[in-house]
Participant: 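Sending over a structure as structure tokens; questions will come in a sec.
Residue numbers run from 1 in the order of the sequence given.
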Amino acid sequence: MPHFLLYLFPLMFDIIVGLTLFAGRHAFGEAGRGTDTVGAVWLIYGTSYMLSSLLMTRLVMAHRARALMLTACAAAALLMGGLALARHTALILVLIGCVPFTASLFFNAFQSFMLGVDQGAAKPHVRMIAHYTLSWSTGFALGPALTVAVKGYGGWPGVYAATACLTALLGIAVY
């Protein structure tokens with residue numbers, strides 16, 4: 001059971017991703033931005049995630065997985081803080097375009113980390129992959145739900161500020 005608790009890490013990080021994507025699109029929609037701007041959130045996120053995944057093949061090493069996860073949390077917390085303060089469309093899109101680099105760094109490092117946790121507990125790989133998939137899928141689904149709950153207390157900037165706090169908590173847990 002203790003190894004299963006480690007899967008809370010990707011769950012939490014995907015809550016952050018889900019919050020970011022949901023809040024970004026809906027904040028632009030509520031502000032009256034056109035469908036091109038609203039749709040750009042997903043386009044920019046997806047394109048950046050593809051590029052960052054290619055970069056991670058050179059960056060992520062199993063022996064520094066925990067440090068890379070902490071780096072991803074710190075960078076994501078800073079980005080969320082920036083999103084909480086940003087008011088200009090172009091800046092918001094740039095910041096959202098940086099989030100996938102932190103997500104890809106975190107998820108790739110986490111997978112390297114899990115492979116090294118305990119070979120006996122991490123096998124069979126099918127179970128490990130199933131737990132990982134369940135974890136991030138749950139987080140991705142909870143992100144928008146939590147966005148709706150948090151928005152009432154501070155609007156879209158409050159959602160990003162709460163996400164920055166969640167990211168900091170995740171960093172503490174990883175540490």
Side-chain angles (χ1 to χ4, degrees), residues 8-60 68-111 132-174:
L8 290 176
F9 294 165
L11 182 143
M12 288 177 68
F13 208 98
D14 244 326
I15 287 174
I16 294 159
V17 170
L19 280 161
T20 303
L21 291 172
F22 187 86
R25 291 183 64 228
H26 288 274
F28 283 148
E30 283 184 11
R33 303 299 196 285
T35 55
D36 55 338
T37 303
V38 173
V41 170
W42 277 94
L43 176 64
I44 290 170
Y45 187 91
T47 302
S48 294
Y49 198 87
M50 288 185 299
L51 295 172
S52 64
S53 293
L54 293 173
L55 175 65
M56 293 312 137
T57 62
R58 299 182 188 279
L59 187 63
V60 175
L68 293 172
M69 290 166 60
L70 289 170
T71 299
C73 288
L78 290 172
L79 289 170
M80 293 304 124
L83 284 165
L85 299 172
R87 297 294 173 261
H88 299 288
T89 301
L91 177 58
I92 292 168
L93 290 173
V94 167
L95 292 172
I96 287 173
C98 293
V99 172
F101 287 91
T102 65
S104 185
L105 179 61
F106 185 88
F107 293 130
N108 281 284
F110 176 79
Q111 291 177 52
Y132 176 74
T133 303
L134 171 68
S135 175
W136 72 257
S137 298
T138 303
F140 199 72
L142 287 175
L146 291 173
T147 302
V148 172
V150 174
K151 183 182 177 265
Y153 295 101
W156 296 115
V159 169
Y160 288 123
T163 306
C165 293
L166 177 63
T167 308
L169 288 173
L170 175 58
I172 291 167
V174 167

Participant: Passes side chain to side chain contact (heavy atoms under 4.5 Å, CB included), Phe22 versus Leu146? Steps please.
Facilitator: CA-CA 10 Å; Phe22 187 86; Leu146 291 173; over 6 Å; no
Participant: What are the two closest heavy atoms between Val150 and Gly158, and how far apart are they?
Facilitator: CG1-O, 3.9 Å
Participant: Check Ala141 against Pro144 and note the closest heavy-atom contact, atom names and distance.
Facilitator: O-CD, 3.4 Å
Participant: When Cys73 is tested against each of Leu170, Ile16, Thr102, Leu166 for side-chain contact (heavy atoms from CB on, under 4.5 Å), which residue passes?
Facilitator: Leu170
Participant: Should Phe107 and Tyr49 count as side-chain neighbours, where that means a heavy-atom distance under 4.5 Å?
Facilitator: yes
Participant: Please check: side-chain N/O of Thr57 versus main-chain N/O of Leu54, any donor-acceptor pairing under 3.5 Å?
Facilitator: yes
Participant: Would you list the pairs meeting side chain to side chain donor-acceptor pair (under 3.5 Å) in which at least one residue belongs to residues 24-35, sequence neighbours left out?
Facilitator: Glu30-Lys151, Glu30-Trp156, Arg33-Thr89
Participant: If you measure from SG on Cys165 to OH on Tyr160, what distance do you get to the nearest 0.5 Å?
Facilitator: 15.0 Å
Participant: Calculate, to the nearest 0.5 Å, the distance between atoms CZ and CG belonging to Phe106 and Leu70 respectively.
Facilitator: 9.0 Å
Participant: Per the salt bridge (Lys or Arg N to Asp or Glu O under 4.0 Å) rule, what does the pair list look like for residues 76-91, sequence neighbours excluded?
Facilitator: none
Participant: Taking all non-hydrogen atoms of both residues, which atom of Val159 and which atom of Ala23 are closest, and how far apart?
Facilitator: CG1-CB, 4.0 Å
Participant: Could you grab the distance from atom CZ of Phe140 to atom CG of Leu19, nearest 0.5 Å is fine?
Facilitator: 10.5 Å
Participant: Test side chain to side chain contact (heavy atoms under 4.5 Å, CB included) on Thr138 and Leu134; report intermediate values, then the result.
Facilitator: CA-CA 6 Å; Thr138 303; Leu134 171 68; 3.7 Å; yes
Participant: Considering non-hydrogen atoms only, spot the tightest contact between Ala168 and Ala77 and give its length.
Facilitator: N-CB, 4.5 Å
Participant: Report yes if some heavy atom in the side chain of Val17 is under 4.5 Å from a heavy atom in the side chain of Asp14; otherwise report no.
Facilitator: yes
Participant: Measuring from Thr167:OG1 to Met12:CE, what's the distance to the nearest 0.5 Å?
Facilitator: 8.0 Å
Participant: Within this structure, what is the CD1-OG1 distance for the pair Ile15 and Thr20, rounded to the nearest 0.5 Å?
Facilitator: 11.5 Å
Participant: Measuring only between side-chain heavy atoms, which start at C-beta, is Phe9 closer than 4.5 Å to Phe13?
Facilitator: no
Participant: What pair of heavy atoms forms the shortest contact from Gly81 to Ala164, and how long is it?
Facilitator: N-CB, 4.0 Å
Participant: Would you compute the distance between atom CD1 of Ile96 and atom CD1 of Ile44 and round it to the nearest 0.5 angstrom?
Facilitator: 7.5 Å
Participant: Who passes side-chain contact (heavy atoms from CB on, under 4.5 Å) against Met56, sequence neighbours left out?
Facilitator: Ser52, Leu59, Val60, Ser104, Leu105, Asn108
Participant: Any idea how Tyr45 and Trp42 line up, ring-wise: parallel (<30°), tilted (30 to 60°), or perpendicular (>60°)?
Facilitator: perpendicular
Participant: Return the minimal non-hydrogen interatomic distance between Gly97 and Ser48, and the atom names on each side.
Facilitator: O-OG, 3.0 Å
